[in-house]
Amino acid sequence: MTATPRLRFAPSPTGPLHIGGARTALYNWAAARAQGGSFLLRIEDTDRARSTEESLRQILAGLRWVGIDWDEGPEVGGAHGPYFQTERLELYQRYAQQLIDGGHAYECFATPEEVQEGREKLQAAGQRPMYDRRHRDLSAAERDALRAERGPGSLRFRMPLDQQWTLPDLCKGDVSINLAELDDWVMIRPDGMPTYNFACVVDDLEMGITHVVRGEEHLMNGFKQAVLFDLLGAAAPQYAHIPLILGKGGKKLSKREASVDILEYRDKGYVPEAVFNYITLLGWSFSGDQDVFSKQEMLAKFRIEDIGSSGSKFDDEKLRWMSGDYIRRMDPAELVERVRPFVGEAIPAAVFDAAPGLVRNAVACYQERIELFAEIADKVAWVFADAVSFDDQAQKKMTKHADVVPHLAAYADLLESSNLPSSDPAARAAADAAFPLPSKQGAEPVAEPCMGPAALEAQLRAFCEERDIKFGHVVHPVRAALTGTTAGPGLFDCVFLLGRDKAVARLRAAAASNG
RNA sequence: GUCCCGUUCGUCUAGCCCGGCCUAGGACACCAGGUUUUCAUCCUGGUAACAGGGGUUCGAAUCCCCUACGGGAUACCA
């Protein structure tokens, strides 16, 4: 019965895409996709002074990064273009003329000072401050005189007065207002540029938009636009004005508590699917007991009507948790791929290419220990570095177990004569292939080309028994010696990753500097 | 000031439209235990909420009214 839905996201390129904008885009996108409709992007660049190419690029990149694509709009074209408002000026003029002819718009010559003065008067009288409609009913002669004296005026909308208007809102329900509360708002500026409300209506009409999801700061604009649609003899889209995203304090999200620019999340290494998931959850819930869901799952259930009507606060902690959750569930091969842009110097590019097995193993060892892609760099650096330096905790462990330090050299000797994988990234492909890390307890291949984590553990346990030292006391200094830290993957995964030469060298270095 | 919207654990929310299944469920965070060579993961358990006040009703988180608090809008910005 209803036509296929057409929704849009209509940002103005005056800054980067922020979290709130991304969520708005997301809901519009989802509503379209869920119903097999179209999603388009329209650029509202009528504010020429503030619009920039750079902002546009950032917005498009931000949308793509969270996984939002569009059927019509910049870079993809479409049958309802152009998709930049500054390229549609003639269209607005045509509609403006139609409205003038129909008596629904009039020219206003009031100076900014006069408008302001009128506002203050109303305010003082306890009424809503707005344009006092002083030029609403000018005679033709008065109009001509003013134009001759002051030049072209702005085109204002002749708001029907004293009329109760109810706006059916998909999110808020029916919202009513007396139209007299609304301004005779400016549709076209004296320079011919349309304002937001006017261009928006013309475009939504021309582009066949059926639903509009947008922030609740536009609720009042919803009335203005709906009335205009009515006077144009057209049906307004179904509006859904959704609550804003707030910061921890319940105030507008500020840069202090969270990144406002969506691309900052990309740069910090958040998993985009998690950002998508989390943002979706800010005001919409998949089900009573499931927070993590795929796009496909979401689309199967999404309905605009289910978007919550109360504001929500942005919680970076949960976002991070969710990012980590996505990482944990990722295929290790994919993780390696996606972590690559973030490793910097920690894993030299040459090693990345020459020793995929080693890199895979190293990264996989940290899969459940990171929440952001970017965290991998610092974590794995010790594997690929030439030597390590101890952090405070590691140094403490070393001094605390000073009695076992002498044994480190002996352990080094033992490893030196053992069949460990090589420390040379290029010479250990078979070893890394034979032992996918992190090693699971109990499992160990039989026909292995070298010692694996389990064999290494057995070896060290025997070593301790021979020398009558506590296994638990050796483990910590060894870990510190090898990795420079006290936390990390299983100790024998660490030994394995390092390979013989590096493990031996680090044990000896630690023994020397702490003995 | 005026108009509009909102208010369930610290946070995101389920439940509310179509009153009883709600001794209010889930998730993050937090606390306690377990697994473990460390960290992390994982598992088990716990703390914790219907803004307040009036109605309506046999019965209200759910319906109505008032108050308080929060947010938004009050532009020739979007």
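Residue numbers begin at 1 in each chain, while the letters A, B, ... track the order of the sequences.
When each of C4(B), A78(B), U41(B) is scored by its nearest atom to the side-chain atoms of S12(A), the top-ranked nucleotide is A78(B). Closest contact between the side chain of D291(A) and the listed nucleotides U37(B), G1(B), A27(B) involves A27(B).
The residue S310(A) sits close only to the backbone: its heavy atoms come under 4.0 Å of sugar-phosphate atoms, none of a base. At a threshold of 4.0 angstrom between heavy atoms, the contacts of R328(A) are confined to the sugar-phosphate backbone, with no base atom among them. Contacts of E44(A) with the nucleic acid, taken as non-hydrogen atoms under 4.0 Å apart, involve only primed sugar atoms and P, OP1 or OP2. Heavy atoms of L182(A) sit nowhere under 4.0 angstrom from any nucleic acid atom. Using a 4.0 Å heavy-atom cutoff across all strands shown, M130(A) reaches no nucleic acid atom at all. Heavy atoms of G283(A) sit under 4.0 angstrom from primed sugar atoms or phosphate atoms, though from no base atom. Here L282(A) lies in heavy-atom contact (under 4.0 Å) with sugar-phosphate atoms only. At the heavy-atom level, P489(A) lies under 4.0 Å from base atoms of the strands shown. Using a 4.0 Å heavy-atom criterion, one finds that A110(A) contacts the bases of the nucleic acid, with or without backbone contacts as well. G472(A) comes within 4.0 angstrom of no nucleic acid atom, judged by non-hydrogen atoms across all strands.
Remark: R189(A) is in phosphate contact with A78(B), judged by side-chain N or O atoms under 4.0 Å from OP1 or OP2. Distances shown here put every side-chain N or O of T195(A) at or beyond 4.0 Å from the OP1 or OP2 atom of A75(B). Of the side-chain N and O atoms in K313(A), one or more sit less than 4.0 angstrom from OP1 or OP2 of U11(B). OP1 or OP2 of C76(B) has at least one side-chain nitrogen or oxygen of R156(A) nearer than 4.0 Å. Side-chain N/O atoms of S285(A) include one lying less than 4.0 angstrom from OP1 or OP2 on A14(B). One finds a side-chain N or O of T46(A) lying less than 4.0 angstrom from the OP1 or OP2 phosphate oxygen of A78(B). In this model, the phosphate group of A75(B) is approached by a side-chain N or O of R119(A) to a distance below 4.0 Å at OP1 or OP2.
Between F302(A) and W284(A), the distance from one ring center to the other falls under 6.0 angstrom. Here Y326(A) and Y270(A) keep their ring centres 6.0 angstrom or further from each other. Note: W70(A) and Y83(A) fail the aromatic proximity criterion, with ring centroids not under 6.0 Å apart.
With rounding to whole Å, H241(A) atom NE2 is found 20 Å from C3(B) atom P. Between the CG atom of D289(A) and the C1' atom of C22(B) there is a distance of 16 Å, given to the nearest Å. With rounding to whole Å, D493(A) atom CG is found 14 Å from U41(B) atom C1'. Separating the CG atom of N221(A) from the P atom of C76(B) is a distance of 12 Å, rounded to the nearest angstrom. Per the geometry, CG belonging to L246(A) stands 7 Å off C1' belonging to G71(B), to the nearest Å. Atom pair E114(A):CD and C76(B):C1' shows a separation of 14 Å (rounding to whole Å applied). The nearest whole Å value for the distance from the CD atom in E317(A) to the C1' atom in C28(B) is 8 Å. Rounded to whole Å, atom P of A73(B) lies 12 Å from atom OH of Y196(A).
Taking only distance into account, the side chain of K318(A) meets the base of A27(B) through a donor-acceptor pair shorter than 3.5 Å.
Partner of R461(A) under the side-chain hydrogen bond (donor to acceptor under 3.5 Å, both in side chains) criterion, out of E457(A), Q459(A), E465(A): E457(A) alone.
The closest donor-acceptor contact from the side chain of N277(A) to the backbone of F293(A) lies under 3.5 Å. Between the side chain of S12(A) and the backbone N or O of T14(A), no donor-acceptor pair lies under 3.5 Å. Although no hydrogens or angles enter the test, the distance criterion places a donor-acceptor pair under 3.5 Å between the side chain of D45(A) and the main chain of T86(A).
A residue-by-residue look at Q123(A) and R23(A) shows that Q123(A) has its nearest nucleotide of RNA chain B further toward the 5' end.
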